[in-house]
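Some notes on the structure that comes next.
Remember, it's 1-based here, ligands and their atoms both numbered in the order they're listed.
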Amino acid sequence: MRRIGLTGGIGSGKSTVAGMLVQRGAALIDTDAIARSLTLPGGRAMAPIAAQFGPDVVQADGALNRDRMRQIVFQDASAKRRLEGILHPLIGLACDHQAAQAEGHDVVVFDVPLLVESGRWRARVDRVLVVDATEATQSGRVMVRSGWSAEAVQAVIVQQASREARRAAADAVIFNEGLSLAQLDAEVDALWQQWVGAYAP
Ligand code: ATP
């Protein structure tokens, strides 16, 4: 089994590239989806989060109040570390579990937005694929896709690793800028041939 770590800044096109890799036979493990499920009502992260941050960050239905939590961690680096201290080990366990279930696949793709920021990921994957785009393009996409303001996107971008840091950690970079979806798909195909080749289904 080959393990590919897929990362990129907000709105770079990670999920789009992940879907194209899945079309070629990869199993996908989405760490954002895992983080969301851990913080749904009854999710495994909710009791430790409530104990750490108080009832303010828990909605009436028992799910994480994301807006409140986002405000807290944007203002307080130590709160961010404490939240990560709860979430990261649980995400790691869920990834191991899902990877064990993907045994039949030759390729497993881990979609990890913060792969470069959280040092422990590099050792868990064989190759790192970075999806890169300019900040203007990142902003434009997220404003259209999610209805965010330019300021809201910028606030996330400055918290994430720089494009340079991400590219420095990459085994391959897809520059998803000025490409149609068909052209992006062709880039993904070329990479799949190079990295997976004979293993392709
Ligand atoms: P996030 O970090 O917010 O999860 P992401 O990196 O996963 O974002 P996507 O959701 O894949 O990014 O892409 C953001 C938006 O841009 C989506 O609506 C997607 O359809 C669109 N998009 C990405 N790449 C292209 C492209 N080459 N051509 C047209 N639209 C694109």
Side-chain angles (χ1 to χ4, degrees), residues 3-40 43 45 63-64 66-67 69-71 73-74 80 83-84 87-88 91 94-95 98 107-118 121-122 125 127-193:
R3 294 167 169 256
I4 297 175
L6 172 65
T7 193
I10 183 170
S12 58
K14 292 177 297 297
S15 308
T16 306
V17 167
M20 291 169 175
L21 291 166
V22 166
Q23 279 171 6
R24 287 167 174 80
L28 176 64
I29 297 180
D30 179 343
T31 57
D32 253 1
I34 291 171
R36 275 195 300 278
S37 74
L38 288 169
T39 52
L40 288 175
L64 180 66
R66 288 175 191 287
D67 289 342
M69 196 73 242
R70 202 176 290 126
Q71 280 170 2
V73 299
F74 270 165
K80 184 163 180 265
L83 178 65
E84 289 172 351
L87 283 175
H88 287 183
I91 292 170
C95 283
Q98 291 190 16
V107 180
V108 177
V109 173
F110 296 85
D111 183 339
V112 189
L114 301 181
L115 186 146
V116 172
E117 290 84 341
S118 77
W121 262 101
R122 187 60 191 86
V125 293
R127 299 268 172 88
V128 173
L129 170 59
V130 166
V131 184
D132 186 33
T134 62
E135 291 187 4
T137 295
Q138 289 176 261
S139 274
R141 286 187 186 139
V142 178
M143 288 163 73
V144 170
R145 184 198 59 192
S146 308
W148 288 21
S149 67
E151 293 71 30
V153 186
Q154 193 56 34
V156 172
I157 288 176
V158 298
Q159 295 260 333
Q160 296 186 332
S162 66
R163 293 175 59 204
E164 290 68 27
R166 246 186 245 109
R167 283 199 303 255
D171 294 299
V173 178
I174 291 181
F175 188 45
N176 183 21
E177 181 85 28
L179 296 180
S180 66
L181 288 174
Q183 287 168 327
L184 178 61
D185 192 66
E187 296 260 337
V188 170
D189 198 58
L191 188 87
W192 183 271
Q193 294 306 327

ask   = Between Ile34 and Gln98, is any pair of side-chain heavy atoms under 4.5 Å apart?
value = yes

message = Looking only at protein heavy atoms, which one is nearest to atom 11 (O) of ligand 1, and what is the separation?
response = Thr16 OG1, 2.6 Å

inquiry  = At less than 4.0 angstrom from any non-hydrogen atom of Gly11, what atoms of ligand 1 do you find?
reply    = 1 (P), 2 (O), 3 (O), 5 (P), 6 (O), 8 (O), 12 (O)

remark   = atom 4 (O) of ligand 1: closest protein heavy atom, distance to 0.1 Å, is Arg145 NH1, 3.8 Å

Close-contact set for ligand 1 against Gly13 heavy atoms, below 4.0 Å = 5 (P), 6 (O), 9 (P), 11 (O), 12 (O), 13 (O)

request  = Could you tell me if any non-hydrogen atom of Ser12 lies under 4.0 Å from any atom of ligand 1?
outcome  = yes

query = In terms of side-chain geometry, is the basic nitrogen of Asp30 or Lys14 positioned less than 4.0 Å from the acidic oxygen of its partner?
reply = no

key: atom 24 (N) of ligand 1 [closest protein heavy-atom partner, distance rounded to 0.1 Å]   = Asn176 ND2, 2.9 Å

note = If we number the atoms of ligand 1 from 1 as shown, the ones under 4.0 Å from a heavy atom of Leu179 are 26 (C), 27 (N), 28 (N)

query = Can you find a heavy atom in the side chain of Val109 that is under 4.5 Å from one in the side chain of Val17?
reply = no

query = Are side-chain heavy atoms of Val153 and Ile10 found at a separation under 4.5 Å?
reply = yes

query = Applying the side chain to side chain contact (heavy atoms under 4.5 Å, CB included) test to Leu129, which of Thr7, Leu115, Leu21 qualifies?
reply = Leu21

Arg66 and Thr39: side chain donor to acceptor below 3.5 Å = yes

request  = Run the contact test for Ala133 against ligand 1 with a 4.0 Å cut-off on heavy atoms, strictly below, and give the result.
outcome  = no

key: Residue and atom name of the nearest protein heavy atom (relative to atom 30 (N) of ligand 1), distance in Å to one decimal   = Leu181 CD2, 4.1 Å

ask   = What protein heavy atom sits nearest atom 7 (O) of ligand 1, and how far off is it?
value = Ser15 OG, 2.6 Å

ask   = To which of Met143, Arg141, Lys14 does the heavy atom nearest atom 23 (C) of ligand 1 belong?
value = Arg141

key: 4.5 Å side-chain heavy-atom contact, Gln160 and Arg166   = yes

